[in-house]
Amino acid sequence: MPSPTYRREMPQRYRLEAAKCKKCGKLFFPPRLVCAGCGSKEFDKTKLSETGTILSHTMIRVAPADFATQVPYAIAIVESDNGVRVTTQVVDCKPEDLEIGKKVKFIFRKLYEEGHTGIICYGYKTVLV
Amino acid sequence: MVGIVGYGSYLPRYRIKVEEIAHQWGRDPVTVKRGLMLNEKTVPGMDEDTITISVEAAKNALKRANIDPAEIGALYVGSESHPYAVKPSGTVVAEALGAVPNVHIADYEFACKAGTEAMFVAYGLVKADLVKYALAIGADTSQGAPGDALEFSASAGGSAFIFGKEGVIAEVLDTFSYTTDTPDFWRREGAFYPLHGGRFTGEPAYFKHILGAAKAILDKSGYKPADFAYAVFHMPNGKFPLTAGKRLGFTKAQMEPGWIVPLMGNTYSGSSPTGFAATLDIAKPDDLILLVSFGSGAGSDAFIFKMTKRIDDVRDKAEKLKSMLENNRIYLDYGQYAKYRGKIIMNE
């Protein structure tokens, strides 16, 4: 059965939707119900920048079963151009291509499949610019 | 005026060279390259499919159109590699773009012309004032059986076109469709790879329909080949479109900007639409462009476009096709290619 969490997370996973606190202006991704900065519950809907910078990265060589055929693959902490830090896969690159400070852009990719007959789950990843 | 208000393409970064495939199957690469006029082709990453390609192409089209995705009233994806047998690719694409929920969605399939099917219907809906904007996408992760001639050409990529009445960059002057029951290429339900009729795919299929549609739209519109700045024909290989264009009276110079198959391969539903997008990247205001698709089964859709001055304002707002073709290429060997294309049987 499709995961209810996957359906709920579509706005942020598909469209990078974020929440900006109306009171203090702090940006949250994924969106939160209560601002961790000032406690306000009022937010404006906004989006992450589609580009960012690698702050840190690592290569996964022993992966969970759903990702075993993709090894080695890169995971990075990326800071979007509007200041939000996101843990994300960096795809379409070789391990030696990754460097702290390199620019990336967010792209829409397949995340995993729920077996051969289940739904296909999509979301954001990044590629080097 | 009804026409295209935004366009965009997407090609995967992975490539495999003709030599690599020829070596695997004991074929002479020089003969294959000369016969098909192909050098390499795009390969989808393991996390790419028709839906992800469609989303990226459509995002580029939205950058050029500069419209609110919520104003898109119809969204059609043409492909012969929809990831789901039942569940429209367009639903995921629309959700990813922010075009839901007030949008009409359908997936199209007509072998290699499903993309222009979508364009034809999108144009018609806008012209009829049923929707303000309609988004048409042609995208594929094409299938070709191991060792078959199709394996040298079947590639991945796609293009998206937003039709509207305001901010038109390429006006649709005329359309024509030419269709018969011709069993030249097919894939039965549940079959992994398509089959084709070998040489039967040439004269009675590709050339009959391409030439039939092109001659008909030229007769209908009154234009002659010399009136066009550019012409784009479906590209199953390098040779067929150049031969078809020459028979119609077009020069190689008119076809060259859209003749991207030597570096891209045949992206099936994305083939002629992506050649057309490459042509839009360099076309000037008032240029006339002829686009003729071909889908096995078989049929051709023909369009005549006239460029407007707005093209100069929008073409640089998204990555151009030449850049996608020539930059960031990652070459695969045949083993990696077989893994990426799911040709290796794995345990559950």
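Naming convention: chains lettered A, B, ... in sequence-line order (proteins, then strands); numbering from 1 in each chain. Note that the structure is a prediction, hence the values are computed from the model and not measured.
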query = Does the side chain of B/V93 reach to within under 4.5 Å of the side chain of A/F108, using non-hydrogen atoms?
reply = no

note = Bottom line for B/I53: the part with an atom under 4.5 Å from chain A's heavy atoms is neither

Check chain A and chain B for donor-acceptor pairs under 3.5 Å and report each one on its own line.
residue : atom : partner : partner atom : Å
A/R15   : NH1  : B/E95   : O            : 2.6
A/R15   : NH1  : B/E95   : OE2          : 3.0
A/T69   : O    : B/K339  : NZ           : 2.8
A/D92   : OD1  : B/Y14   : OH           : 3.3
A/F108  : N    : B/E56   : OE2          : 2.7
A/R109  : NH1  : B/D47   : OD1          : 3.0
A/R109  : NH2  : B/Y10   : OH           : 3.0
A/R109  : NH2  : B/E48   : OE2          : 3.1
A/K110  : N    : B/D47   : O            : 2.9
A/H116  : NE2  : B/E348  : OE2          : 3.1
A/I120  : N    : B/Y84   : OH           : 2.6
A/Y122  : OH   : B/D49   : OD2          : 2.6
A/K125  : NZ   : B/D47   : OD2          : 2.9
A/L128  : O    : B/R13   : NH1          : 3.2
A/L128  : O    : B/R13   : NH2          : 3.0

ask   = Is atom NZ of A/K22 surrounded by more than 12 heavy atoms (other residues, nucleotides or ligands) closer than 6.0 Å?
value = yes

request  = Count the heavy atoms belonging to other residues, nucleotides or ligands that lie under 6.0 Å from CG of A/L33, then report whether that count exceeds 12.
outcome  = no

query = Do you know the tightest heavy-atom contact between A/I120 and B/P83?
reply = CD1-CB, 3.6 Å

